[in-house]
Amino acid sequence: MSFTTAPSNEKNAWVGSNDAIAEILDTPIQTVSHLFEDQIDGWHDTVGDLDSNDWVVIKITFASAMIVSQDGVSYFPETEDD
């Protein structure tokens with residue numbers, strides 16, 4: 001599994017893992033939309049209507065992951081090399 005974090009003025013990252021679980025939740029997008037709005041200016045203007053049924057919230061649980069960002073490569077959980 002891999003994904004790119006939402007761009008912000010501060011940081012972007014690519015996250016990859018061979019040991020993660022993705023679960024579609026019954027949580028309405030409105031419950032977590034403030035998390036995106038706080039990170040991405042104009043997010044709501046870009047995505048449009050949050051009241052449509054086209055949205056799903058996915059919970060991703062990592063046992064381990066590699067994070068690649070402008071700060072370099074890091075690992076979760078942290079390794080001795082970090």
Which pairs of donor and acceptor atoms, one on a side chain in residues 16-28, lie under 3.5 Å apart (sequence neighbours left out)?
{"residue": "Ser17", "atom": "OG", "partner": "Asp19", "partner atom": "N", "Å": "2.9"}
{"residue": "Ser17", "atom": "OG", "partner": "Asp19", "partner atom": "O", "Å": "3.4"}
{"residue": "Ser17", "atom": "OG", "partner": "Ser64", "partner atom": "O", "Å": "2.5"}

Applying side-chain contact (heavy atoms from CB on, under 4.5 Å), can you list everything that pairs with Val32, at least two apart in sequence or on another chain?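 Testing Val32 for side-chain contact (heavy atoms from CB on, under 4.5 Å), a comparison that skips the adjacent residues, returns Ile29, Leu35, Phe36, Val57.
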
Asp51: salt bridge (charged side-chain N to carboxylate O under 4.0 Å, His left out) partners, not counting sequence neighbours: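 Asp51 satisfies salt bridge (charged side-chain N to carboxylate O under 4.0 Å, His left out) with no other residue.
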
If I compare all heavy atoms of Phe62 with all of Phe76, which pair ends up nearest, and what's the gap?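 Nearest heavy atoms, Phe62 then Phe76: O-CE2, 3.5 Å.
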
To check you understand the geometry: which heavy-atom pair defines the closest contact between Ala63 and Pro77, and what is its length?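 Heavy atoms only, the tightest pair is O-CD, 3.4 Å.
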
Measure from the side-chain N and O atoms of Trp14 to the backbone N and O of Met66, and report whether any donor-acceptor pair falls under 3.5 Å.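 A pair under 3.5 Å: no.
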
Which pairs, with at least one residue in residues 60-71 and sequence neighbours excluded, count as a salt bridge (charged side-chain N to carboxylate O under 4.0 Å, His left out)?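 Passing the test, one end in residues 60-71: Lys11-Asp71.
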
Any chance you could measure Glu37, atom CD, to Leu50, atom CG, to the nearest 0.5 Å?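 Taking CD in Glu37 and CG in Leu50, the distance rounds to 7.0 Å.
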
Are Tyr75 and Ile67 packed together at the side-chain level, in the sense that at least one heavy-atom pair is separated by less than 4.5 angstrom?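 SC-SC contact between Tyr75 and Ile67 ruled out.
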
